[in-house]
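Read through the structure below, which is laid out as structure tokens, and then see the notes.
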Amino acid sequence: MAPLLKLTGVTAFYGAIQALKGVDLEVASGEIVTLIGANGAGKSTLMMTICGSPHARHGQIIYDGRDITALPTHEIMHMGLAQSPEGRRIFGRMTVHENLLMGAQVVGMRNYAATRDLVFGLFPRLKERLTQRGGTLSGGEQQMLAIGRALMSQPRLLLLDEPSLGLAPLVVRQIFGAIRQLNRETGLTVLLVEQNAFQALRLAHRGYVLVNGAVTMAGPGAELLARPEIRAAYLEGGH
Amino acid sequence: MNPNLKDASISALVALGLFGPMIGLKTESGSIGLFLIPRPLALAAAVVAVFFGRLLLLTWRGQRPRGTQTNHKLAETIKRSGRFLTPALLTLAIVLPFISGRYGIDLGILVLTYVMLGWGLNIVVGLAGLLDLGYVAFYAVGAYSFALLAQTFGLGFWTCLPLAGLFAATWGVMLGFPVLRLRGDYLAIVTLAFGEIIRIVLLNAASITGGPNGISGIPRPTLFGLQFTAAGGHGSFTGFFESIGYPIEYSPTQRVAFLYYVILGLALLTNWVTLRLRRVALGRAWEALREDEVACRSLGINVTVTKLTAFAIGATFGGLAGAFFATRNAFISPESFTFIESAIVLAIVVLGGLGSQLGTALAAIVMIGGFEVFRDLADYRMLLFGLALVLIMVLRPRGLVSGRTPSVALGRRREISAELVAEGRG
Ligand SMILES: Nc1ncnc2c1ncn2[C@@H]1O[C@H](COP(=O)(O)OP(=O)(O)O)[C@@H](O)[C@H]1O
Ligand SMILES: [Mg+2]
């Protein structure tokens, strides 16, 4: 079966700076794939390039059998992709409810109630805080909201950029648990960008290691976890 | 040395440097050009005033309890009074022509024009967060398109009004396109230039716009085809009452009161549209855009369309207000559309608390009304005006009504004032 998302030789630039140097990556339907790498490796750039901002300069991005390489961002986001961007970026002055509505806008509120209940099932906190402003939530709650907001568009592929950033270990476990549950119960495909390599590799079916804008290693999560060079670079001392 | 004294001395020194040429020297035109008159006393008075003013301010600040308690109290008062303030203001607005004389109605028209402009600009600046310093351009486009359409094609007010709005909307999109990628200061500069360009074009395209002489003899609005003229007879307001057997005396106040209700209707239309839009996807997208453009993109919002509609709809209301201005004055010239107009409208929106409908209305009443009330003070009005702005910004840094009302309410409305919420990014 053809993968849901397939990148071949993707490069991306910020002006003259090359942030991605020919990335090949595949995500099959129903998989959790993680992309790990140090700060500045280009993980967020890869995530944003899939969404068309910046556009890939070379290479090709195929999603669900369609070439989305040159499509504008808002069109790509209408095709069943959803993203929880780095730094959460929830709307601080808007209520939790309004944030969720913003997520559902792209599908024109289709299946709104059912999707909202799914999100509340995953993160009961959000239901309690429905009328509270996003900016007054705790960090963990904000991350839950960012994921919940992305889920409101009922995506087939969920892109998550460092959901564990700056959160307490207990909250991280809670959020990773929710991702696993989503994947198991709804078959949602997830591409997870993480610096928290240990937990991400344990959660994911497969992983990629990004170094300086290029993929240096790929393989099943457990296999990558066992490799000494990964342990040395990303696991020991770090987490 | 006491730090307050030191601070006040420095302030006084700065004042000396600043006011030295501004107040200390006066130019007087004599027989052989200009000559300067030194005014040491006036200068000394200004410097001393600054010294003690600063000292007073610092002492007051030092004695103020920690935190911003006064601020919260004021915010609470305004919020609580908001519930009955809105219907009270609306009632007052509706009955005003019956309870006040010609002067009151004229002032009401002026205030309502700015309320409408404020609400229109609020869509662009308050909701979508696009800092527009050239809003007067759309006011001008509306006024001129109405005047030219009415004069060239002999069309009436009610035909031209929507057309003027449409023209302004078109210009809104035309401004929107080149500035799509700009934000903050850069957007402000370009919109500022746009406002000036429109004015200068109007000034120089004399063959169409009459240049500095402007356009006069702009037709007055009619009420279902009835005109407000002293002559009476068929097709006039008084003539109509005569024909149905209730003759009434003609008075110019009838026309003014009618104009008043026209602008009241237009302003309420602006408010109604804004309130409706806030509850639908587009309005929510504007507010989201103001907070975080990147997040909006990641949610599949078409940022281009969202920004352009904000410019277009904001411009439409500016254009409608402009058409009203033209018909009320019966005369327009580029002089009415200078940068100061943009600045006043923006000040109304900012002082009102970006995004707040009630705040904008209050700010318009306070500023425009206050401006009129202190007319006798002549030049000192501007001084007072500046002082009032500074005072409001010190006491209420986020505007008079700063709490954002959620666009969707679940049961009881719960609100957390904006002071507690971090500023949006971008
Ligand atoms: N908007 C930008 N403009 C210029 N350079 C950028 C921008 N965003 C990221 N970069 C650069 O691209 C590289 C990759 O960044 P990023 O994708 O954010 O890395 P990661 O998410 O892995 O930490 C870094 O060298 C960073 O400095
Ligand atoms: Mg990153």
Side-chain angles (χ1 to χ4, degrees), chain A residues 44 47-48 50-54 71-109 127 129-137 142 145-146 149-153 155 158-161, chain B residues 126-129 180-181 277-309 353-356 398-399 402-426:
Chain A
S44 298
M47 196 74 118
M48 296 306 291
I50 294 170
C51 298
S53 155
L71 290 184
T73 304
H74 64 93
E75 275 183 38
I76 295 173
M77 305 319 285
H78 273 82
M79 297 171 64
L81 257 91
Q83 189 201 36
S84 160
E86 183 170 27
R88 312 194 259 270
R89 289 187 175 268
I90 56 157
F91 303 115
R93 280 167 60 93
M94 297 169 92
T95 62
V96 168
H97 188 190
E98 287 172 307
N99 271 278
L100 294 178
L101 286 170
M102 283 303 299
Q105 225 170 72
V106 65
V107 289
M109 306 290 154
K127 189 173 184 176
R129 313 232 177 254
L130 209 54
T131 54
Q132 194 172 324
R133 276 160 213 268
T136 62
L137 297 176
Q142 290 194 5
L145 180 55
R149 187 179 65 178
L151 287 174
M152 288 311 292
S153 66
L158 178 64
L159 308 173
L160 297 173
D161 196 342
Chain B
L127 295 183
L180 274 174
R181 288 162 170 279
L277 283 173
R278 271 201 67 198
R279 277 165 181 70
V280 298
L282 178 64
R284 209 173 296 122
W286 285 341
E287 290 193 78
L289 192 69
R290 169 185 163 183
E291 290 200 34
D292 196 326
E293 197 174 320
V294 176
C296 281
R297 280 182 206 281
S298 83
L299 294 176
I301 305 291
N302 188 336
V303 173
T304 308
V305 169
T306 308
K307 279 190 185 177
L308 287 182
T309 46
L354 289 168
S356 162
R398 282 167 191 271
S402 56
R404 175 183 171 274
T405 315
S407 64
V408 278
L410 298 170
R412 202 166 60 85
R413 272 188 194 186
R414 248 196 286 166
E415 218 179 318
I416 294 159
S417 76
E419 275 91 343
L420 303 174
V421 182
E423 286 264 355
R425 278 157 300 209

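From a predicted model like this one, the values you see are computed outputs, not experimental measurements. Sequence lines set the chain letters: A, B, ... in the order given, protein chains first and strands last, and positions in each chain run from 1.
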*Select one option (side chain, backbone, both, neither) describing which atoms of A:M152 are under 4.5 Å from chain B's heavy atoms.*
neither

*Distance-only, no hydrogens or angles: does the A:Q83 side chain make a donor-acceptor pair with backbone N or O of B:S298 under 3.5 Å?*
no

*Where do A:M102 and B:A288 come nearest, in terms of heavy atoms and distance?*
CE-CB, 3.4 Å

*Is it the side chain or the backbone of A:Q105 that comes within 4.5 Å of chain B heavy atoms, both, or neither?*
side chain

*Would you find a donor on one side and an acceptor on the other, under 3.5 Å apart, between the side chain of B:E291 and the backbone of A:R93?*
yes

*CZ on A:R89 to CG on B:L299, rounded to 0.5 Å*: 11.5 Å

*Quick one: closest heavy-atom pair of B:G300 and A:M77, and the distance?*
CA-CB, 3.3 Å

